[in-house]
Amino acid sequence: MQKRYIPIVTFFVVLLVVIAHLSARVTAVPAFTHAETKKVYLTFDDGPSTKVTGRILDVLEQENVKATFFIVSDRVAGREDTLKRIAEDGHTLGIHSKTHRYSEIYASDEALIKDIRACRERIIKVTGVTPCIYRFPGGSSLHRDKIPLVKAEGLRPIDWNAVCGDEEIPHADAETLYAQTFKTAKGKNPVILLMHDSAPHKATAEALPRVIEEFKRQGFMFCKF
C-alpha cells in the first residue's frame with residue numbers, strides 16, 4: 001500500500017523545488033534593477049531670491065520633480081514666503097551659511113559653528129523644518145578638517161560632482177548652462193548637480209526645463225536629500 005504514495009510524494013517534492021527556484025529568480029530582479037537605477041540630485045545654492053527661486057519652483061512643480069535647496073539665511077528677510085514654499089512644495093532645505101562671507105565663516109571653528117547655527121535657527125523659525133544637511137560655502141575640499149565639526153552638529157555634508165556652470169562661466173546663457181550640465185554629468189551615477197537660485201541666475205531658471213527633459217530622456221530618477 002505504501003508504494004502507491006511514492007509518486008505523489010515525489011511530485012510534491014519536485015513542485016516545491018520548482019517554486020523555490022522561481023521565487024529566487026523573481027526576488028533577484030528588483031535588486032538588479034535597483035543597482036542599475038540612474039539618479040540625479042538637483043541642488044540649488046545661495047537662495048532664496050525673489051524671482052529666480054520662484055521661477056525654479058514653478059518649473060519643478062510643472063515637471064513633478066523634487067530638489068534640494070541650500071539656504072543663505074541673511075537672504076531670507078522679505079522672502080519668507082518663498083522659503084516656506086520650498087518646504088511646502090516638498091523640497092529639501094539645507095544649510096549653506098548665514099552670510100556666505102568666507103572670511104567670516106572660516107575665521108575659526110567657533111565662527112563656523114556660529115554661522116551654521118544662525119542659518120539653522122532662521123530656517124526653523126520660518127518653516128518649522130529642521131535641516132539635517134549642509135553644504136560648505138566653496139565646497140568641502142579645502143575644509144576637510146571642518147567636516148567633524150559639521151557632523152557633530154548633526155549635519156551631513158553634501159558636495160557635488162557636476163555643475164551647470166552658472167558660477168564658473170561668466171554671463172553664460174541657458175544654452176551654455178544646458179551644455180555644461182551634461183558635459184560635467186557624463187558617465188556619473190548618481191549625478192549631484194550644482195546650480196544657483198540667487199538673483200543673478202535668471203539663465204539657470206531658463207535652462208532648467210530643458211535640463212530636466214534631458215535627464216528624463218536619459219532615464220534618470222530625480223531625487224532629493
Checklist entry - Are a donor atom and an acceptor atom from the side chains of Arg79 and Thr53 found within less than 3.5 Å of each other? => result no
With rounding to the nearest 0.5 Å, note down the distance linking [atom1] in [X] to [atom2] in [Y].
{"X": "Arg156", "Y": "Ile133", "atom1": "CZ", "atom2": "CD1", "answer": "8.0 Å"}
{"X": "Phe182", "Y": "Leu193", "atom1": "CZ", "atom2": "CG", "answer": "8.0 Å"}
{"X": "Lys84", "Y": "Ile86", "atom1": "NZ", "atom2": "CD1", "answer": "13.0 Å"}
{"X": "Ile158", "Y": "Thr43", "atom1": "CD1", "atom2": "OG1", "answer": "9.0 Å"}
{"X": "Gln62", "Y": "Ile212", "atom1": "CD", "atom2": "CD1", "answer": "9.5 Å"}
{"X": "Glu168", "Y": "Thr176", "atom1": "CD", "atom2": "OG1", "answer": "12.5 Å"}

Checklist entry - Hey, which of Ile95, Ile105, Leu149 is the one that makes side-chain contact (heavy atoms from CB on, under 4.5 Å) with Ile116? => result Ile95
Around [X], counting heavy atoms of other residues, nucleotides and ligands shown, do more than 12 lie under 6.0 Å from its [atom1]?
{"X": "Lys151", "atom1": "NZ", "value": "no"}
{"X": "Asp145", "atom1": "CG", "value": "yes"}
{"X": "Lys38", "atom1": "NZ", "value": "yes"}
{"X": "Lys188", "atom1": "NZ", "value": "yes"}
{"X": "Lys224", "atom1": "NZ", "value": "yes"}

Checklist entry - For Lys114, which residues count as a side-chain hydrogen bond (donor to acceptor under 3.5 Å, both in side chains) partner, sequence neighbours excluded? => result none
Checklist outcome for this item: Sequence neighbours excluded, the answer for side-chain hydrogen bond (donor to acceptor under 3.5 Å, both in side chains) partners of Ser140 is Arg144, Asp159
Single-linkage hydrophobic cluster [X]~[Y], side-chain heavy atoms < 4.5 angstrom:
{"X": "Phe220", "Y": "Tyr178", "result": "yes"}
{"X": "Ile147", "Y": "Ile192", "result": "no"}
{"X": "Met195", "Y": "Leu177", "result": "no"}
{"X": "Ile123", "Y": "Val72", "result": "no"}
{"X": "Leu112", "Y": "Ile71", "result": "yes"}

Any side-chain to backbone donor/acceptor pair from [X] onto [Y]? Under 3.5 Å, distance only.
{"X": "Asn189", "Y": "Lys39", "result": "yes"}
{"X": "Asp197", "Y": "Gly47", "result": "yes"}
{"X": "Lys146", "Y": "Phe136", "result": "no"}
{"X": "Arg75", "Y": "Asp46", "result": "yes"}
{"X": "Ser97", "Y": "Pro137", "result": "no"}
{"X": "Asp166", "Y": "His196", "result": "yes"}

Would you call [X] and [Y] a salt bridge, using N to O less than 4.0 angstrom?
{"X": "Glu88", "Y": "Arg85", "answer": "no"}
{"X": "Arg117", "Y": "Glu153", "answer": "yes"}
{"X": "Lys125", "Y": "Glu80", "answer": "no"}

Checklist entry - What residue pairs, at least two apart or across chains, pass ring-ring contact (aromatic ring centres under 6.0 Å, His included) with a residue in residues 143-172? => result Tyr106-His143
Item to check | Pair Glu214-Thr181, side chain to side chain contact (heavy atoms under 4.5 Å, CB included): steps then yes or no | outcome: CA-CA 10 Å; Glu214 179 61 17; Thr181 293; over 6 Å; no
Given side chains that start at C-beta, do those of [X] and [Y] come closer than 4.5 Å, heavy atoms only?
{"X": "Leu42", "Y": "Leu60", "answer": "yes"}
{"X": "Leu194", "Y": "Thr184", "answer": "no"}
{"X": "Leu57", "Y": "Phe44", "answer": "no"}
{"X": "Gln180", "Y": "Cys164", "answer": "no"}

To check you understand the geometry: which heavy-atom pair defines the closest contact between [X] and [Y], and what is its length?
{"X": "Val52", "Y": "Ala199", "answer": "CG2-O, 3.5 Å"}
{"X": "Phe215", "Y": "Val191", "answer": "CZ-CG1, 4.2 Å"}
{"X": "Ala207", "Y": "Ala174", "answer": "CB-O, 3.6 Å"}
{"X": "Arg135", "Y": "His96", "answer": "O-ND1, 2.8 Å"}
{"X": "Pro131", "Y": "Leu93", "answer": "CB-O, 3.5 Å"}
{"X": "Tyr41", "Y": "Cys223", "answer": "CE2-CB, 3.4 Å"}

Checklist entry - Yes or no on salt bridge (Lys or Arg N to Asp or Glu O under 4.0 Å) for Arg210 and Glu213, after CA distance, side-chain angles and deciding distance? => result CA-CA 5 Å; Arg210 191 176 173 201; Glu213 180 184 7; 6.0 Å; no
Item to check | Tyr134 ring center within less than 6.0 Å of Phe70 ring center | outcome: no
